[in-house]
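All remarks here apply to the structure that follows.
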Amino acid sequence: MDAQPGGELTMSVARLVSALQFCPDICAPRSRDPGPSLQSRGFNALLGLLPYKQQLASAEAVQAHVQKLALAPASFEPTGLGRGVEATLTKMGGWPVYYTAPSSGHEGCNHVMFLHGGGFINEIVPAHWRFIGQMTRKARVVCVVPIYPLAPRATAKDVVPKTAELLRMLLEDAGSAKVTVVGNSAGAGLALAACQWLRDRGHRQPSRLVLISPAADASVSRPEQVAIAARDPIQDIPGIIEAGRLYAGELDVGHPFVSPLKGAFRALAPMTVFSGTRDLLYPDSVDLAERARAVGVAVELHLLRDQPHNYALMPTPEGRRARAMILRAVA
């Protein structure tokens, strides 16, 4: 827990205790909560040496990155799915959409819609595809992966409704099969906003939302986030704010399409949320879980000490345990 100058706690004891009530990884006895593994500490140090944080250090850095990608767009083709997985490309509503399925057949399989992260300015990356391949192969699910257009070419006003409409069609097509929405970072925020859109228009919810380090509030305006940002090895506040501004377009950054934490939580699907205290976005995950539980939505919050943004997708013991939980949730 971080402290501001003068010793004031940045998150109230009451709020943290509330979070721990549904956070089994921290609530466990000390013998079961040894803190970050040696591999995780090493990986945090490695992340700090890579250029991720510099790319988010200023609005100018984000703008330069976006301009570079506009001149040379990154590939979104599947890379690293692994054996036993087939991928099919189609187009829905003008977007490329991939379907992955077990090579041995997908009769009776449940479904996952996967929404990738990247701050709405970066394309899906091989690490995402590896995880999609793992879910497809090990949980024997069909994954639906929309390649949504990026900001500033596309903004929340268009991306959220179209994502929600794709999810609505998937829910109809799946029939009695289970449909889970899995999103990481920006994709987790998009998943939440899309489900709020469905709820507001009377459509049914998926079976579960799995939110990995959700980007749920584009304002990044909490005082405590300044202190957390100093320890976050990947993210920085100025760049996240600029990426949010680009994604918001003509909307205010406080609009629920952009910042779904500010939307309503009633009647949403049950949620499983993963976050870590080296992630400057983690206070939003705590609030998200509190708000959902307050209106009767079932939430599991796995908030791990000293874990970075997107730890659930990282090659650490903590990441492997999180992915095992996700595989059980989607199967």
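Any value given below was found using the heavy atoms of this structure, including those in side chains, with hydrogens, waters and symmetry copies removed.
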Can you pull out every salt bridge (Lys or Arg N to Asp or Glu O under 4.0 Å) where at least one residue sits in [range]? Sequence neighbours excluded, please.
range            : result
residues 237-260 : Lys157-Glu250, Glu242-Arg245
residues 122-148 : none
residues 171-199 : Arg168-Glu172

Practice item. Taking only Lys NZ, Arg NE, NH1 and NH2, and the carboxylate oxygens of Asp or Glu, determine whether Asp306 and Arg41 approach each other closer than 4.0 Å. Key: no
Establish, from distance only, whether the side-chain atoms of [X] and [Y] form a donor-acceptor pair under 3.5 Å.
X      : Y      : answer
Ser185 : His309 : yes
Gln235 : Asp279 : yes
Ser275 : Ser213 : no

Review point. Please walk me through it: do Met271 and Phe265 pass side chain to side chain contact (heavy atoms under 4.5 Å, CB included)?
Key: CA-CA 11 Å; Met271 302 180 193; Phe265 282 78; 4.0 Å; yes
Practice item. Check the pair Asn122 / Leu150 against side chain to side chain contact (heavy atoms under 4.5 Å, CB included), numbers first and verdict last. Key: CA-CA 7 Å; Asn122 290 298; Leu150 303 175; 5.6 Å; no
Are any side-chain N or O atoms of [X] and backbone N or O atoms of [Y], one a donor and one an acceptor, separated by less than 3.5 Å?
X      : Y      : answer
Asp232 : Leu280 : yes
Glu318 : Leu304 : no
Lys53  : Asp236 : no
Glu300 : Thr272 : no
Ser259 : Ala218 : yes
Ser40  : Pro36  : no

Exercise for review: Quick one: pull up CG in Leu288 and CG in Leu301 and give me the separation to the nearest 0.5 Å.
Suggested key: 8.5 Å
Point to revise | By side-chain hydrogen bond (donor to acceptor under 3.5 Å, both in side chains) - contacts of His111 (at least two apart) | key: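 His111: no side-chain hydrogen bond (donor to acceptor under 3.5 Å, both in side chains) contacts found.
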Check your understanding: Taking only residues two or more places apart in sequence, or in another chain, which ones meet His65 in a ring-ring contact (aromatic ring centres under 6.0 Å, His included)?
Key ->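 With sequence neighbours excluded, His65 shows a ring-ring contact (aromatic ring centres under 6.0 Å, His included) to no residue whatsoever.
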Practice item. Check the pair Leu190 / Tyr247 against side chain to side chain contact (heavy atoms under 4.5 Å, CB included), numbers first and verdict last. Key: CA-CA 11 Å; Leu190 176 57; Tyr247 178 60; 3.9 Å; yes
Point to revise | Side-chain hydrophobic cluster, 4.5 Å single linkage: members besides Met314 | key: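 Other cluster members: Phe43, Leu46, Leu47, Leu50, Tyr52, Ile234.
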Check your understanding: Hey, what's the ring geometry for His116 with His128, parallel, tilted or perpendicular (30° and 60° as the breaks)?
Key ->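 Plane angle between 30° and 60°, so tilted.
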